[in-house]
Amino acid sequence: LLSVGSFMFIAVVILAVLKSFALMLVGMGCILLSFVESWYFYHVVFGWQRMTLLNLIALFLGTGIAVDDLLVFQELFNRKECVETVPARKRFVQAYKEAAVAMLVTTATTVASFFSLSLSSLPVLRCFGCFMGTVVFMNYANVMVLFAGASLLVGVLRERAAQRGVDLPAKATRRHSCGCRAIASCKRRVSATSCK
């Protein structure tokens, strides 16, 4: 119950920071997907048959690490000095290069520290280390593939919407009787006298 509450709280925070419902959904989906993928590796590949109570801590730790990765990528993608002047695709390439390196370094050290627990003599710690290391690695992969792609898509769509709004003529603030806003592009050939 606490994990559901914290997950909802984190979703609201991500929505407030990213200002995009679609990116919030993709980000939260990446987090959930990393747990599902990790469970698969934990159970099928590593051969662990039971989930320990300590592994439930991974819900909180993994979510925190995932949110950090999401926000790092989005911050690099939406630099204030670049948003207005640089096209979304160019910003994406630069952000992807920087975020991939920065997050890879932190992910590699975190994964190595968790997988080092697999050398422990306590089975509970071995289980936790394998599971948590996999969660962190899968989160990195999901953010760099799924969330990065969604960020690019949202960025391009926002850019196109802004271009459409800027390209409207100044006279387009008035409506024709047919309901369109741009006098020059009216499809119904309304006469100039019928515009109000």
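Side chains are part of it too, since the values below use all heavy atoms of this structure and drop only hydrogens, waters and symmetry mates. Sequence positions, counted from 1, serve as the residue numbers for this chain. Predicted, not measured: the structure shown is a model, and the values here were computed from it.
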- Message: Main chain of Thr110, side chain of Ser113: is a donor-acceptor contact present, judged purely on distance under 3.5 Å?
- Response: yes
- Message: So which atom in Arg158 and which in Leu18 form the shortest heavy-atom distance, rounded to 0.1 Å?
- Response: NH2-O, 3.8 Å
- Can you tell me if Tyr96 uses its side chain to pair, donor with acceptor, with the backbone of Arg91 under 3.5 Å? no
- Query: Any side-chain heavy-atom pair from Leu53 and Val124 closer than 4.5 angstrom?
  - Reply: no
- Message: Once rounded to the nearest 0.5 Å, what's the spacing between atom CZ of Phe137 and atom OG of Ser38?
- Response: 10.0 Å
- Once the angle between the rings of Phe77 and Phe73 is folded into 0 to 90°, is it parallel (under 30°), tilted (30 to 60°) or perpendicular (over 60°)? parallel
- Measure across Val26 and Leu146 and return the closest heavy-atom pair with its distance rounded to 0.1 Å. CG1-O, 4.0 Å
- Message: Within the 4.5 Å heavy-atom criterion, are Phe41 and Met138 side-chain neighbours or not?
- Response: yes
- Flag the pair Ile10 / Met28 as yes when at least one side-chain heavy-atom distance between them is below 4.5 Å, and no otherwise. yes
- Query: Is there side-chain contact between Gln74 and Leu70, with at least one heavy-atom pair below 4.5 Å?
  - Reply: no
- Evaluate the criterion side chain to side chain donor-acceptor pair (under 3.5 Å) for residue pair Gln163 and Glu159; output intermediate values, then yes/no. CA-CA 6 Å; Gln163 287 173 350; Glu159 202 172 72; 4.7 Å; no
- Hey, could you give me the CG/OG1 distance between Asp68 and Thr106, rounded to the nearest 0.5 Å? 7.0 Å
- Task: Kindly compute the distance separating CZ (Phe35) from OH (Tyr42), expressed to the nearest 0.5 Å.
- Result: 14.0 Å
- How many angstroms lie between CG in Asn78 and CG in Leu23, if you round to the nearest 0.5 Å? 8.5 Å
- Query: Using the ring of each side chain (for Trp, its six-membered ring), is His43 parallel, tilted or perpendicular to Trp39, with breaks at 30° and 60°?
  - Reply: parallel
- 4.5 Å side-chain heavy-atom contact, Phe114 and Leu117: yes
- Do Met132 and Ile65 come within less than 4.5 Å of each other through their side chains, counting heavy atoms only? yes
- Between the CG atom in Asn139 and the CD atom in Glu37, the distance rounded to the nearest 0.5 Å is 9.5 Å
